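First comes the structure, then the notes that go with it.
Lettering of chains follows the sequences in order, A, B, ..., and the numbering in each one begins at 1. Only a predicted model underlies this, so the values are computations on that prediction, with no experimental measurement involved.
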Number of protein chains: 2
Amino acid sequence: MDTQRTGPRARTGAVEPGAGRSRGRDVPPATVARLPGYVRVLRSLSQDGVVTTSSEELAAGAGVTPAQLRKDLSFLGSYGRRGVGYDVVHLSEQISVALGLTTQRRVVIVGIGNLGHALASYSVFAERGFAVVGLIDADPAVVGTTVAGLVVQPSSALSDVVSAADATIGIIATPAAVAQDVCTALVAAGVVGILTFAPRALRVPPHVDLRAVDVASELQILAFHDHRRTGTGA
Amino acid sequence: MDTQRTGPRARTGAVEPGAGRSRGRDVPPATVARLPGYVRVLRSLSQDGVVTTSSEELAAGAGVTPAQLRKDLSFLGSYGRRGVGYDVVHLSEQISVALGLTTQRRVVIVGIGNLGHALASYSVFAERGFAVVGLIDADPAVVGTTVAGLVVQPSSALSDVVSAADATIGIIATPAAVAQDVCTALVAAGVVGILTFAPRALRVPPHVDLRAVDVASELQILAFHDHRRTGTGA
DNA sequence: TAGATTGTTAATCGATTAACAATC
DNA sequence: TAGATTGTTAATCGATTAACAATC
């Protein structure tokens, strides 16, 4: 699907680090988008008992080139040793700090249909530092049911749920028709990041970061290449 | 999540159209990725009875700038009229032809856990030209159950299911640990496009197009901006 | 030391934006 | 015609790649 960036995309290029940490340089959006993949590989290597790695090994695991990996890391600092490589645990920690993964973020999910249900139950979120703290749905038949240990709340409770749990991220898994209203409500409730699965462009104020996943669009992009290769469909 | 492109990404830039149709020019990957969004907006406008639109209106609906929209369309041909705008139905058809959406593509889903179940039941796929024709799972407790009108088949049947239904696209919704094996099996069975939700880099041969959605990575990217804004987590 | 591998620089490449001539 | 809006060109910008000096 489609990965749409708004909010920070409006900035001219890179993203300003916080309090002069790292190397004081900005981190380009394309680099930020690859950092989670590096952390994932490093944690996997660490679990396998690997102590030191190289840009070649790490890049292969993440599906990028060694040059790109080193370039990406250079925006964060100098965490390797020439002639030696990278300490797996240390590099993992440094990237995690840069990404802000040392604090657990709280997430609310709006729209507990098939997809919302799957996301609420997705164990990888917890493994990677996120806590699902609230579920919201507009359907009275769904409200009150328990999903993944949480009782689904009505739409009217959205603001209270976000506030009470101090959630900073909202996931929209509703039908497209109501996605903008949900988005607006989430922003009003105070979230600063939104991940939407609804197939519709959403508008958010500049201080809110929006990412969009459109699985049907992803298939259509695959169809384009299928089409080009096989010549069907024209 | 993360949108990873392999296969065609290896080409130097743009994508060769099929038999000299459109304008004979290549379509850049970034443009291809936006075309589904334009079709979505055009179909919505059409349903609302709108006959003619402008680059301004269409771009607003898709969340891009008018200049970018016109630039994107210029790779497909000249389908507008200066001073007037675009015929909604005609432009929608032209982009659909370029994307190869005039032929229905057949999709198999591997991994019928929470996410696979949600995808199998996702009505938007059918609305946008895809038919889910096979469901595969490795769990004997899941095999034989009916999901979205299809009986889940065992892993051993993967190749037969792909062949019998002539599926060209595979969706991987399995745990990360088995994703590469499933990917390899799908390629061997003959699919030419793969959409994976497993948080792991996958390798495919050059003729296969791979797109990857990693929802946990998407949240981590949001966390980065949250972190930069609030200063927490360092 | 010699070999290995990083971090950085410079060059290339692709994508976006702005402006405007073409033309309906 | 006058006004509107496209399609395209040129300029800018950001991302990627390659090469290599630095240095462990």
Within this structure, what is the [atom1]-to-[atom2] distance between [X] and [N], rounded to whole angstrom?
X: B:R70; N: D:dT9; atom1: CZ; atom2: P; value: 14 Å
X: A:L69; N: C:dT5; atom1: CG; atom2: P; value: 14 Å
X: A:D72; N: C:dT6; atom1: CG; atom2: C1'; value: 14 Å
X: A:D26; N: D:dA15; atom1: CG; atom2: C1'; value: 15 Å
X: B:Y38; N: D:dT6; atom1: OH; atom2: P; value: 13 Å
X: B:Q68; N: D:dC13; atom1: CD; atom2: P; value: 16 Å

Looking only at side chains, do [X] and [Y] share a donor and an acceptor under 3.5 Å apart?
X: A:R105; Y: A:T168; answer: no
X: A:Y38; Y: A:D72; answer: yes
X: B:R200; Y: B:T174; answer: no

- Nearest heavy-atom neighbours spanning B:V208 and B:G193: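 Shortest heavy-atom contact: CG1-N, 4.3 Å.
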- Interface residues of residues 50-59 of chain B with DNA chain C (non-hydrogen, below 4.0 angstrom):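 Contacts with DNA chain C under 4.0 Å: none.
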- side-chain contact (heavy atoms from CB on, under 4.5 Å) between B:V64 and B:R34, intermediate numbers included: CA-CA 9 Å; B:V64 303; B:R34 282 187 292 266; 3.9 Å; yes
- Any side-chain heavy-atom pair from B:R211 and B:I194 closer than 4.5 angstrom?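 No - every pair of side-chain heavy atoms lies 4.5 Å or more apart.
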- Query: Above 12 or not: heavy atoms from other molecules or residues under 6.0 Å from CD of A:E56?
  - Reply: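 No, because the 6.0 Å sphere around CD of A:E56 holds 12 heavy atoms or fewer from other groups.
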- Task: Give a yes or no answer on whether the side chain of B:Q180 reaches the backbone of B:R203 with a donor-acceptor pair at less than 3.5 Å.
- Result: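 Present.
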- Short side-chain to backbone donor-acceptor contact, B:R70 and B:Q68, under 3.5 Å: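 Judged by distance alone, no pair lies under 3.5 Å.
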- Could you list by number each residue of residues 80-92 of chain B showing a heavy-atom separation from DNA chain D of less than 4.0 Å, or answer none if no residue does?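 Heavy-atom cutoff 4.0 Å gives B:G80, B:R81, B:R82, B:G83, B:V84, B:G85, B:Y86.
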- May I ask you to establish whether A:R128 and A:F130 are in a cation-pi arrangement, using a distance under 6.0 Å from NZ or CZ to the six-membered ring centre and at most 45° from the ring axis?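 Judged by the rule, A:R128 and A:F130 form no cation-pi pair.
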- Task: Map B:K71 and A:K71 onto DNA chain D by nearest heavy atom, then report which one ends up closer to the 5' terminus.
- Result: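 With B:K71 and A:K71 compared, the 5'-side residue is B:K71.
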- Query: Does a side-chain N or O from A:R34 land closer than 4.0 Å to OP1 or OP2 of D:dT16, or not?
  - Reply: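 The answer is yes; a side-chain N or O of A:R34 sits under 4.0 Å from OP1 or OP2.
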- Contact class for A:A67 vs. all strands (heavy atom < 4.0 Å): base, sugar-phosphate, or nothing?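 Base, at least one base heavy atom under 4.0 Å.
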- Return the stems involving DNA chain C, sorted by first number, where pairs are Watson-Crick (N1-N3 with N6-O4 or O6-N4) or G-U wobble (N1-O2 and O6-N3), both under 3.5 Å, and runs are 3 or more long.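 The stems that DNA chain C takes part in, listed by first number, are C:3-24 with D:3-24.
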- Query: Can B:R40 and A:D214 be said to form a salt bridge (Lys or Arg N to Asp or Glu O under 4.0 Å), step by step?
  - Reply: CA-CA 11 Å; B:R40 195 189 63 212; A:D214 183 342; 3.3 Å; yes
